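Only one structure is covered here, and it is reproduced in the block below.
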Amino acid sequence: MKNTLFVCLLFMTANSFAQKQSDLKLWYNKPAGNVWEDALPVGNGFQGAMVYGNVETETVQLNEYTVWSGSPNRNDNPLALDSLAEIRKLIFDGKQKQAEQIANRVIISKKSQGQMYEPVGELHLAFNGQENYTNYYRELDIEKAVAKTTYKVGDVTYTREVLASFPDRVVVIRLTASKPGSLSFNAFYSTPQPSAQMKTTPSKELTISGTTISHETVPGMVKFKGITRIKTEGGSLTTTDTSLLVKGANTATIYISIATNFNNYHDLTGNENERAASYLTKAYPKNYADILRAHIAAYQKYFDRVKFDLGTTDAAKLPTDERLKNFDGTSDPEFVTLYYQFGRYLLISCSQPGGQPATLQGIWNNKMYPPWDSKYTININTEMNYWPAEKTNLSEMTEPLIKMVKELSVAGVKTAKDMYGAGGWMAHHNTDIWRITGGVDGAFWGLWPNGGGWMSQHLWEHYLYNGDKKFLASIYPVLKGAAKFYDDYLIEHPKYHWLVMCPDESPENAPAAHDNSSLDAGVTMSNQIIFDVFSTAIDAAAILNKDKAFADTLKEKRNRLAPMHIGQYGQLQEWLDDVDNPTDHHRHISHLYGLFPSNQISPYRTPKLYSAAKNTLIQRGDVSTGWSMAWKINWWAKMLDGNHAYKLIKDQLTPVGTNRGGGGSYNNLFDAHAPFQIDGNFGCTSGVTEMLMQSEDGDLNLLPALPDVWKSKGSISGLRARGGFDVVSVVWKDGQIVKAIIKSTLGGNLRLRLPNEMKLSNGISLKKAVGDNINPFYKTEKIATPIISDKATITLPDLKETFVYDVPTEKGKTYTLLLK
Ligand code: FUC
């Protein structure tokens with residue numbers, strides 16, 4: 001008896017430290033009312049819905065992934081090429097402002113500035129006599145991908161569940177009541193789409209159809225169709241011209257199908273009516289229990305791969321909005337794990353194979369004119385959306401991004417040729433569903449020529465995690481084309497003699513010394529991106545045994561790129577000239593691309609640059625827009641400073657409006673730029689992962705940046721590292737890893753960097769690592785020695801001791817490490 005009691009007690013204590021299913025919920029004790037950012041998102045990559053949980057009139061706001069303004073179009077500016085020499089000369093002569101004025105005319109598009117991701121509308125369910133309700137509760141269960149609302153009117157408990165089914169490609173709403181015959185409501189649509197028609201059909205379907213709007217000279221041509229059908233048990237179903245009326249039912253199941261005529265970025269010949277009908281016809285005969293079961297199974301296939309446990313406390317028992325208000329960094333450790341997993345939930349829900357990549361708002365938007373068009377800003381935001389994908393074991397979710405980059409590599413050939421007289425392909429700082437590659441918004445922002453170069457690196461990254469040579473062969477033309485553009489476009493700087501891009505710019509920032517114009521030549525971020533683009537093309541060609549002469553040219557040009565510079569304030573220079581302002585708190589710190597997501601700046605390999613990058617981070621400050629703070633979490637993790645990274649997590653987990661200067665979170669945990677931008681959610685999930693595991697810097701580094709608040713105890717399982725290493729689990733106690741399990745899916749050398757000494761579980765000691773890691777997926781490219789200003793003071797980093805081992809692994813085998 002005593003023993004049983006002891007085991008029970010032990011279990012109870014342990015249990016407060018294991019992420020239980022019930023913990024992974026966002027929940028509230030009041031409806032969203034009319035606040036969109038209080039509503040809860042569900043999505044299956046093709047349809048998105050925001051569930052308000054309003055009692056008297058429920059609103060489910062609907063999106064479909066291809067409902068965009070406009071139609072197939074290009075937006076190159078053919079005047080660019082003739083003015084290129086003049087623009088270059090002005091920049092080299094220090095007349096940036098004049099160059100910018102010309103670029104506004106000849107480089108920035110006179111056509112579309114990018115089209116808008118658009119809402120379809122809302123489905124409302126109006127109930128009579130429910131204004132006096134009690135026991136209200138609503139939740140989003142991110143372990144099941146189901147939103148639920150319950151409340152009581154009189155002695156009847158009403159329950160609604162909403163999901164966007166992954167296998168069935170429909171949104172389903174299930175309504176039940178504790179007493180038979182209690183469900184009576186009226187279902188109807190509303191929409192901001194000006195052309196939309198809403199009506200019922202003789203077969204009791206409620207339909208919405210229309211064509212999207214024209215925008216910036218591009219005619220709107222996406223035809224959409226939504227069909228809602230209701231299956232009732234008991235009661236009656238009748239119609240008016242524009243609504244479905246349910247009376248006295250025991251249960252009701254609402255099936256919503258939406259589709260468009262979009263086939264791909266240059267083809268709108270699909271049939272939206274047939275498509276919407278076909279999803280509905282397949283789903284409608286299925287009962288709710290079957291739909292729910294299949295939906296949860298399809299979702300959990302991805303979601304369940306990662307478990308993250310930092311323990312839980314009573315603070316976790318409060319509603320999510322209160323937890324957000326109360327979050328002080330210490331009393332509610334589980335709030336971080338919830339937020340982390342919410343990032344994974346959002347990525348699974350908005351980016352599915354066969355779909356479109358996550359937009360600035362994922363797949364959720366209720367505005368006809370959303371901020372920045374809810375499109376793809378590819379000078380940081382779209383890239384950030386995909387940072388958590390590979391390492392949090394959601395590799396499949398990158399498929400739409402990879403497809404988009406392949407499409408851009410086709411669309412961008414003409415842009416490279418017509419605008420810059422170069423081979424290969426390129427894209428500027430924005431794109432949309434039509435894969436525009438021209439410059440938009442004004443030369444200050446839109447001239448940036450690296451959208452293609454940066455995005456192409458995501459394809460290479462996919463290969464580094466999966467090691468699939470067939471995949472590499474399929475994306476090689478994209479990598480080669482990205483390199484070819486730079487190969488043709490680089491020119492020699494007349495003063496410094498390095499190969500530089502000109503015109504160029506460091507995203508959205510400008511030094512006062514250049515007349516506050518962003519236009520420049522050879523800015524640091526571009527040099528870093530070109531270095532990566534050349535290196536990946538060289539490596540890919542070698543692996544595939546191709547294009548030796550081209551690779552040799554790239555090698556030669558790579559050596560002639562400008563090195564990084566450390567300026568007078570000990571900072572990493574953003575520009576070739578030492579013109580950074582140490583009090584500049586600009587949200588873009590683009591030159592730290594070299595620290596993350598790239599690996600050109602490393603505490604171990606390039607300590608001076610690492611210190612300079614740290615100075616830059618300190619000078620730029622913490623509080624900023626949502627995505628900027630999320631990037632900083634990743635950077636501080638790379639700085640091996642878990643406490644500073646954690647400070648930024650705290651800044652992010654504050655109610656929107658609290659931080660002076662931006663950022664924070666909405667009640668539904670959407671990240672605030674402000675306004676809502678999903679990049680911050682994804683960036684934070686990536687950053688937390690980087691605090692626990694890094695695999696970019698030549699080794700698999702476990703617990704590189706554990707903050708003090710997480711030290712006592714925790715675990716994470718199911719992450720993935722480069723070179724096909726499954727980090728099956730890492731368990732820590734008092735800042736030491738007590739157990740780590742790693743599965744090698746490709747074989748090869750596993751170089752581990754650990755905070756403490758460990759041994760293999762069979763007792764065999766680990767071999768201390770020497771020299772470079774021979775695992776090709778961990779190859780790090782040697783970079784040029786930085787140029788350092790005489791005025792700069794550089795303090796070399798005082799790095800904590802780590803233990804670095806080499807474990808030769810066999811494909812398919814699992815290795816368990818224990819504390820030594
Ligand atoms: C870039 C950023 C803005 C915003 C926009 C979508 O232009 O500078 O902060 O995130 O993208």
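Being a predicted model, the structure only gives us computed values, none of them experimental. In listed order, ligands and their atoms are each counted from 1. Computed over heavy atoms, backbone and side chain alike; hydrogens, waters and symmetry mates excluded.
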### Task
For ligand 1, find out whether one of its N or O atoms is nearer than 3.5 Å to an N or O atom of Q677.
yes

### Query
So which bit of W627 gets within less than 4.0 Å of ligand 1, heavy atoms only: side chain, backbone, both or neither?
side chain

#### Entry: Distance from atom 1 (C) of ligand 1 to nearest protein heavy atom, with residue and atom
E508 OE2, 3.2 Å

### Query
Relative to each other, are the rings of F485 and Y420 parallel, tilted or perpendicular (30° and 60° limits)?
perpendicular

### Task
Assign the ring pair Y339 / F342 to parallel, tilted or perpendicular, where the plane angle (0 to 90°) is split at 30° and 60°.
tilted

#### Entry: ligand 1 contact by L360, heavy-atom criterion under 4.0 angstrom
yes

## Note on the structure
of all protein heavy atoms, closest to atom 2 (C) of ligand 1 is H588 NE2, 3.4 Å

### Task
Run the numbers for me: atoms of ligand 1, each under 4.0 Å from some heavy atom of R587, listed by number.
2 (C), 3 (C), 8 (O), 9 (O)

### Query
Between the side chain of Q47 and the main-chain N/O of A164, is any donor-acceptor distance below 3.5 Å?
no

### Task
Return yes when atom NZ of K406 has more than 12 non-hydrogen atoms of other residues, nucleotides or ligands closer than 6.0 Å, and no otherwise.
yes

### Task
For H673, take its heavy atoms, then give the atoms of ligand 1 lying under 4.0 Å from any of them.
3 (C), 4 (C), 9 (O), 10 (O)

### Verdict with reasoning, E118 to K367, per salt bridge (charged side-chain N to carboxylate O under 4.0 Å, His left out)
CA-CA 7 Å; E118 300 278 56; K367 295 194 173 71; over 6 Å; no

### Query
Would the number of heavy atoms belonging to other residues, nucleotides or ligands and lying under 6.0 Å from NZ of K647 be above 12?
yes

### Message
Please classify the N381 to ligand 1 contact at 4.0 Å (heavy-atom distances, strictly less than): side chain, backbone, both or neither.
### Response
side chain

